[in-house]
Amino acid sequence: MSTSPLHDWNLAPQAAIELQKRLAGRVELEDRLDPVSRIAGVDIGFEEGGEITRAAVVVLAWPPIATGDFEVVEQVVHREPTRMPYIPGLLSFREVPAALAAFARLTTQPELIMVDGQGIAHPRRLGVASHLGLWLDLPTLGIAKSRLCGRHAEPGNEKGDWTPLKHGEDTIGAVLRSRTNVKPVFVSPGHRLSLPTALDWATACLGRTKLPEPTRLADRLASRRG
DNA sequence: GCGACAG
DNA sequence: ATCTTGTCGC
């Protein structure tokens, strides 16, 4: 898979923030998705006390063999020295470079990507999922385990229940009860996807666990378990 | 000025 | 994110 150099990655915090404001204007929130036959899940983990960044990408076949049971088409793990510390709001500058290196080694091409983290549910509307989507020019959505910004009502306790996540006047995502009686996940469009469609895919990939399969499997691989 | 703060 | 065992609950 190829990528076109969009910008530099080694930026000081203030410059990174200004760049996010510009890139947010390029994010597409209308559906522009090809027929799906492959869905990729991405997550980043760390080793050596944080000195090594470990990016994991898992490609699954769509549709699943049965609900929540997907065929794993390909897996890639890429390790590299960690480039910067975690700074709330600037997560993509720490994780996306490693994710791109992992994608570059993929021999199969996904039509949709699910990322562990926020999409547009970000102070400047450019969470990791959106930033990665822009670089790869592919549809992405974010699945986060906790909130970065925005306000919301508590969704019902049944699997599938959800409430909108709002930031000022904008609806930036949804708080989805992905599993009955379990803490909800935060779903938001990354790029080339609308919120309803992002919610549909997140729901369609759910099995019996809290996280959708693409993200759950990438999570395990990134934490060197799977 | 005082909190909040994806992974 | 990561360091970490057993344990409570469906």
Side-chain angles (χ1 to χ4, degrees), chain A residues 9 13-14 16-17 20 23-24 27 41-58 68 77-102 113-134 140-152 157-159 165-168 170 172-191 195 198 202 206-212 214-226:
Chain A
W9 284 107
Q14 201 51 243
I17 288 173
Q20 290 182 320
L23 293 180
V27 171
V42 199
D43 189 30
I44 275 67
F46 297 88
E47 303 175 0
E48 309 299 323
E51 291 178 25
I52 299 296
T53 296
R54 177 185 172 106
V57 177
V58 177
V77 170
H78 167 80
R79 300 165 79 254
E80 64 174 46
T82 297
R83 59 175 59 222
M84 64 175 271
Y86 166 68
I87 298 174
L90 298 181
L91 181 67
S92 64
F93 290 87
R94 169 173 162 89
E95 303 191 339
V96 172
L100 290 174
I113 303 173
M114 206 172 282
V115 185
D116 188 304
Q118 314 288 356
I120 62 168
H122 176 280
R124 293 168 291 281
R125 308 291 182 271
L126 199 83
V128 270
S130 299
H131 206 161
L132 180 65
L134 280 177
T140 60
L141 68 129
I143 301 291
K145 296 180 286 298
S146 62
R147 182 191 68 88
L148 172 59
C149 70
R151 295 168 48 75
H152 67 87
N157 291 316
E158 291 294 301
K159 175 177 181 176
L165 175 62
K166 309 193 64 174
H167 196 204
D170 307 338
I172 58 178
V175 185
L176 172 69
R177 191 74 68 183
S178 52
R179 191 187 187 311
T180 300
N181 291 328
V182 170
K183 266 212 312 178
V185 294
F186 296 74
V187 182
S188 59
H191 182 47
L195 175 57
L206 287 176
R208 314 165 183 159
T209 51
K210 164 177 175 166
L211 295 176
T215 294
R216 185 182 73 82
L217 295 176
D219 218 288
R220 293 185 43 138
L221 193 55
S223 304
R224 55 196 181 305
R225 275 173 288 168

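Convention: sequence-line order gives letters A, B, ...; per-chain numbering from 1. A quick note: this is a predicted structure, and the numbers were derived from the prediction, not measured.
At a threshold of 4.0 angstrom between heavy atoms, the contacts of A:G89 include nucleobase atoms, whether or not backbone atoms are also involved. Residue-level contact check: A:S223 touches the backbone only, with heavy atoms under 4.0 Å from sugar-phosphate atoms and none from bases. Within the 4.0 angstrom heavy-atom criterion, no nucleotide atom of any strand lies near A:R151. Looking at heavy-atom distances under 4.0 Å, A:L126 makes no contact with the nucleic acid at all.
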Restricting both atoms to N or O, compile the protein contacts to nucleotides 2-5 of chain B shorter than 3.5 Å, with distance only.
residue: B:dC5; atom: OP1; partner: A:R147; partner atom: NH2; Å: 2.9

For nucleotides 4-8 of chain C, tabulate all protein N/O to nucleotide N/O atom pairs closer than 3.5 Å, reporting atom names and distance.
none

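When rounded to the nearest whole Å, the span between CG of A:L91 and P of B:dA6 equals 9 Å. Between A:M84 atom CE and B:dG7 atom P there is a gap of 16 Å when expressed in whole angstrom units. Rounded to an integer number of Å, the gap from A:F186 CZ to B:dA6 P is 10 Å. Atoms CD (A:Q20) and P (B:dA6) sit 14 Å apart, rounded to a whole Å. Rounding to whole angstrom units, CG of residue A:L211 and P of C:dA1 are separated by 10 Å. In this entry the distance linking NE2 of A:H167 with P of B:dA6 reads 13 Å, nearest Å.
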What pattern of brackets, bars and dots sums up DNA chain C from 5' to 3', given Watson-Crick or G-U wobble pairs under 3.5 Å, [ ] for crossing pairs and | for another strand? ..........
Give the intermediate values and the outcome of side chain to side chain contact (heavy atoms under 4.5 Å, CB included) for residues A:L126 and A:I120. CA-CA 5 Å; A:L126 199 83; A:I120 62 168; over 6 Å; no
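In this structure A:R147 satisfies the side chain to side chain donor-acceptor pair (under 3.5 Å) test with no other residue, sequence neighbours excluded. Here A:S178 pairs with nothing under the side chain to side chain donor-acceptor pair (under 3.5 Å) rule; sequence neighbours left out. Scanning for side chain to side chain donor-acceptor pair (under 3.5 Å) contacts around A:H167 gives A:R125, with sequence neighbours left out. Applying the salt bridge (Lys or Arg N to Asp or Glu O under 4.0 Å) test to A:R220 and every residue at least two apart in sequence or in another chain returns nothing.
In DNA chain B, no stem is built from 3 or more consecutive Watson-Crick or G-U wobble pairs with both distances under 3.5 Å.
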Acceptor/donor pairs from residues 180-188 of chain A side chains to any protein atom, 3.5 angstrom cut, sequence neighbours excluded:
residue: A:T180; atom: OG1; partner: A:K159; partner atom: N; Å: 3.2
residue: A:S188; atom: OG; partner: A:G119; partner atom: N; Å: 2.7

With a 3.5 Å cut-off and sequence neighbours excluded, list the donor-acceptor pairs that the side chains of residues 83-99 of chain A form with protein atoms.
residue: A:R83; atom: NH1; partner: A:N10; partner atom: OD1; Å: 3.3
residue: A:S92; atom: OG; partner: A:H131; partner atom: ND1; Å: 2.8
residue: A:R94; atom: NH1; partner: A:M84; partner atom: O; Å: 2.6

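Here the side chain of A:T215 pairs no donor or acceptor atom with the backbone of A:L211 at under 3.5 angstrom.
Note on residues 42-53 of chain A: pairs passing salt bridge (Lys or Arg N to Asp or Glu O under 4.0 Å), not counting sequence neighbours, are A:E47-A:R54, A:E47-A:R79.
Using a 4.0 Å cut-off on heavy atoms, the residues of residues 43-55 of chain A that approach DNA chain C are A:G45, A:F46, listed by number.
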